[in-house]
Amino acid sequence: MNRTDRLYALVEELRAVSPRPRSARWLAARFEVSSRTIERDIGALQQSGVPIWAEPGRTGGYVVDRAHTLPPVNLTAGEAVAMAVALHRLAGTPFAGPGVSALRKLVAVMPPADVAEAHRLAGRVHLIGDGPATPVPAIVADAVSARRVLRIGYADRGGTDSVRDVEPLGYLGNRRHWYLLAWCRLRGEMRCFRTDRIRDVRALPELVARELRPEDLDIPHERVRRLSLV
């Protein structure tokens, strides 16, 4: 059994017995590898977002939260590669990190044969460039969901720097740039801040109470399309 198949099988084994734990020694015997290999595999799964934790004690071991894991997914090799290509376009956006972890979770629960075929297909796809040169700061990427007021150092199109407190309300993206939609307290109005012009940022203790309304966007409605999951 190769490592990809073993990772998938590890998740399924832990899901099947959850909430009971499985020790590293038991899993090592089950998959005919060393306990150290199991520990490395568990660490890799945890880093990819699989909710596995260790229960201490003589009868302890590794446990997976069934409520936050997926059953085997009928994702085709082409669909998996399509997601990976889409993730390439996410580089430098507020959703690059979550996108990578989401794909890893899906691949971790795909049937082994489909995973192997997806890897073969991905090996035939070649990309040029790594996306935008300036990534979105992590605090900015999490700003809307965290609902924390931010203090940002921002450079306008003329290169003039300013410091201002803003209330993050949403994101706006086009083919070239991503913008943080936020209420600017300095100007008392809604503003679009290009994420690659945010030079410095820190979260303040105050929470955002304001909500984004379509009429707040000074953009013709026919030009803006709200993202949908369906």
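One distance of note links OH of Tyr62 with CG of Leu45; it measures 11.0 Å at 0.5 Å rounding. Rounded to the nearest 0.5 angstrom, Cys192 SG and Leu172 CG are separated by 5.5 Å. Rounding to the nearest 0.5 Å gives a distance of 12.0 Å between CD1 of Ile139 and CD1 of Ile152. Distance check: Leu27 CG to Arg22 CZ gives 7.5 Å after rounding to the nearest 0.5 Å. Here the CG atom belonging to Leu7 is positioned 11.5 Å from the CZ atom belonging to Arg104, to the nearest 0.5 angstrom. To the nearest 0.5 angstrom, Phe31 atom CZ is 6.5 Å from Ile38 atom CD1.
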All N/O donor-acceptor pairs, side-chain side in residues 197-208, below 3.5 Å, sequence neighbours left out:
from   : atom 1 : to     : atom 2 : distance (Å)
Arg199 : NH1    : Asp196 : O      : 3.4
Glu206 : OE1    : Arg185 : NH1    : 3.1
Glu206 : OE1    : Arg185 : NH2    : 3.3
Glu206 : OE2    : Arg185 : NH2    : 2.7

Donor-acceptor contacts, no H, no angles, side chain residues 79-86, under 3.5 Å, sequence neighbours left out:
from  : atom 1 : to    : atom 2 : distance (Å)
Glu79 : OE1    : Thr76 : N      : 2.8
Glu79 : OE1    : Thr76 : OG1    : 3.4

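In terms of heavy-atom proximity, Val63 sits nearest to Pro19 at CG1-O, 3.8 Å. Of all the heavy atoms in Ala28 and Ser35, the pair that sits closest is CB-N, 3.7 Å. When every heavy atom of Pro98 is checked against every heavy atom of Pro94, the shortest pair comes out as CD-O, 4.2 Å.
Here salt bridge (charged side-chain N to carboxylate O under 4.0 Å, His left out) pairs that include residues 39-48, with residues two or more places apart or in two chains, are Arg3-Asp41, Arg6-Asp41, Arg36-Glu39. Applying the ring pair (Phe, Tyr, Trp, His ring centres under 6.0 Å) test to every pair with at least one member in residues 180-206, sequence neighbours left out, gives these pairs: Tyr154-Phe193. Sequence neighbours left out, the pairs with a member in residues 95-121 that pass ring pair (Phe, Tyr, Trp, His ring centres under 6.0 Å) are Phe95-Tyr171, Phe95-Trp178.
The only member of Leu150, Val149, Leu212 that meets side-chain contact (heavy atoms from CB on, under 4.5 Å) when paired with Glu167 is Val149.
The closest side-chain donor-acceptor pair between Ser23 and Arg25, if any, does not fall under 3.5 angstrom.
Side-chain contact check for Glu117 versus Asp114: every heavy-atom pair is 4.5 Å or farther apart. A heavy-atom distance below 4.5 Å is found between the side chains of Arg164 and Arg187. Proximity of Arg210 to Leu169: side-chain heavy atoms (C-beta onward) are separated by under 4.5 Å at one or more points. Residues Val144 and Leu180 are in side-chain contact: their nearest non-hydrogen atoms beyond the backbone lie under 4.5 Å apart. Put simply, the side chain of Val115 does not reach to within 4.5 Å of the side chain of Tyr8, judged on heavy atoms.
Hydrophobic cluster of Val163: no remaining members, since no ILVMFWY side chain lies below 4.5 Å from it.
The cluster map of Ile, Leu, Val, Met, Phe, Trp and Tyr, joined by side-chain heavy atoms under 4.5 Å apart, puts Val140 and Val100 in different clusters.
The environment of CD in Glu32 is sparse: at most 12 heavy-atom neighbours from other residues, nucleotides or ligands sit within 6.0 Å.
With hydrogens and angles ignored, the 3.5 Å screen pairs a side-chain donor or acceptor of Asp156 with a backbone N or O of Thr160. A distance-only check finds a donor-acceptor pair linking the side chain of Gln46 to the backbone of Ile52 [under 3.5 Å].
Comment: Arg15 does not engage Glu13 in a salt bridge, judged by the lack of any side-chain N to carboxylate O separation of less than 4.0 angstrom.
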